[in-house]
2 protein chains.
Amino acid sequence: MVNSENTKAQMRKGVLELCILSILSQGDAYPTEIIEKLKETKLVVVEGTLYPLLTRLKNTGLLNYRWEESNSGPPRKYYMLTEIGETYLKELHLSWYELVDAVNKTITKK
Amino acid sequence: MVNSENTKAQMRKGVLELCILSILSQGDAYPTEIIEKLKETKLVVVEGTLYPLLTRLKNTGLLNYRWEESNSGPPRKYYMLTEIGETYLKELHLSWYELVDAVNKTITKK
DNA sequence: ATTTAGTACCTTGCAAGACATAGTACTAAA
DNA sequence: TTTAGTACTATGTCTTGCAAGGTACTAAAT
């Protein structure tokens, strides 16, 4: 009935894009690596979420990728920020801080 | 192509529930009033979003409502938190702070 | 008395997106 | 030549935000 997990998942939505672009701004990475990094900070994302999202970001020109051989499995698709992506990320940073501010104002009011 | 508005909207998703429950924890309110309060803190929500959400929260037992006459228009549906809603809100508070922490960790890493 | 404006609540249909599930393919070790 | 591990992809479902349109009540203006 009351499903807290569901809402937590909802809260994660929307900030995923921000987090993924942030991770890529720290250096190129392939999907599995991105998932690992997100997990480190308790933001669990699964493949079925990440792959379509990366494709979307690539199609809108925010990301690019290159194939790179691996010596322990199939080749990896390394994603990187484009120049547009860099600019966009700065905007998202702002939006994020604005959101945090707005929510905190709302939930701390007494 | 690159649509920042869309992502901002995405970021708002999920925290709406938290904000609405928070507002109601400060006192009973009717939908139009809730929208006003959210607008004050820059969280713009429209009717088509709010009404179904309130109904959902009521159906899961987090909210209740009572009708109250108005002297300037039709009667108002005042929503209030149930006991379950109170408990649930505390959980959401925690989840929110965890999320903020996780995202901040991710986006400030260099 | 009828119209108009303001307030308030409700419903329908669409689109976006997260995720579960299942599948393909490559490598290396057993 | 299996088996396990890694990696990428595709499909279908479900939730949910929102635009758009609608109903209904009150009070002031015509």
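The sequence lines fix the lettering, A, B, ..., with proteins before strands; numbering per chain opens at 1. The figures that follow rest on heavy atoms only: side chains count, while hydrogens, waters and symmetry mates do not.
Residue A:Glu33 contributes atom CD, which lies 9 Å from atom P of D:dA7 at whole-angstrom precision. Rounded to whole Å, atom C1' of D:dG17 lies 11 Å from atom CD1 of B:Ile20. In this structure, the CG atom of B:Leu38 is 12 Å from the P atom of D:dG17, given to the nearest Å. Whole-Å rounding puts the B:Leu50 CG to C:dC10 P distance at 10 Å. When rounded to the nearest whole Å, the span between CG of B:Leu16 and C1' of D:dC18 equals 11 Å. Computed from coordinates, the B:Leu57 CG to D:dT15 P distance equals 15 Å when rounded to whole Å. Atom CD1 in B:Ile35 sits about 12 Å away from atom P in C:dC10, given to the nearest Å. Summarising the geometry, the separation between NZ on B:Lys58 and C1' on C:dC9 is reported as 15 Å, rounded to the nearest angstrom.
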Stepwise side-chain contact (heavy atoms from CB on, under 4.5 Å) check, B:Glu17 with B:Tyr88: CA-CA 11 Å; B:Glu17 206 173 303; B:Tyr88 185 68; 3.0 Å; yes
Apply side-chain contact (heavy atoms from CB on, under 4.5 Å) to residues B:Leu62 and B:Leu81 and explain how you reach the verdict. CA-CA 6 Å; B:Leu62 301 176; B:Leu81 275 183; 5.6 Å; no
Under the side-chain contact (heavy atoms from CB on, under 4.5 Å) criterion, do B:Leu89 and B:Leu18 qualify, and how do the steps go? CA-CA 7 Å; B:Leu89 176 57; B:Leu18 167 64; 4.0 Å; yes
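Salt bridge A:Arg66/A:Asp28: present, at least one basic N to carboxylate O contact under 4.0 Å. With respect to B:Glu36 and B:Lys39, a salt bridge is recorded, a charged nitrogen being found less than 4.0 Å from a carboxylate O.
Residue B:Arg56 places its side chain closer to D:dT16 than to any other of C:dA20, D:dT16, D:dT9. Among the nucleotides C:dA8, C:dC10, C:dC26, the one closest to the side chain of A:Pro75 is C:dC26. Nearest to the side-chain atoms of A:Pro74 among the listed nucleotides D:dT9, C:dA25, C:dC9 stands C:dA25. With D:dC8, C:dC10, D:dG17 as the choices, the nucleotide that has an atom nearest any side-chain atom of B:Lys77 turns out to be C:dC10. The side chain of A:Val46 approaches C:dA20 more closely than any other nucleotide in the set C:dA20, D:dC8, D:dA24.
In this model, a donor atom of one side chain and an acceptor atom of the other lie less than 3.5 Å apart for A:Thr41 and B:Thr106.
Within the structure, every side-chain polar atom (N or O) of A:Thr49 is placed at least 4.0 Å from both OP1 and OP2 of C:dA18. Taking side-chain N and O atoms only, B:Thr32 has a distance below 4.0 Å to OP1 or OP2 of C:dC9. Of the side-chain N and O atoms in B:Tyr51, none sit less than 4.0 angstrom from OP1 or OP2 of C:dC10. Distances shown here put every side-chain N or O of A:Ser70 at or beyond 4.0 Å from the OP1 or OP2 atom of D:dT6.
Both B:Tyr79 and A:Pro52 sit near DNA chain C, but only B:Tyr79 has its closest nucleotide nearer the 5' end. A residue-by-residue look at A:Gly73 and B:Glu69 shows that A:Gly73 has its nearest nucleotide of DNA chain D further toward the 5' end. Each of A:Asn71 and B:Tyr30 was assigned the nucleotide of DNA chain C with the nearest heavy atom; the assignment lying further toward the 5' end belongs to B:Tyr30.
One distance of note links CG of B:Leu24 with NZ of B:Lys37; it measures 8.5 Å at 0.5 Å rounding.
Between B:Tyr97 and B:His93, the ring planes are parallel. Angles under 30° get that label, and only those over 60° would be called perpendicular.
One axis for each end of the helix from C:dA1-D:dT30 to C:dA30-D:dT1, each built from five base pairs, and the angle between them comes to 20° at 10° resolution.
In the interface, the side chain of A:Glu47 is not paired with the base of C:dC19 through any donor and acceptor atom under 3.5 Å apart.
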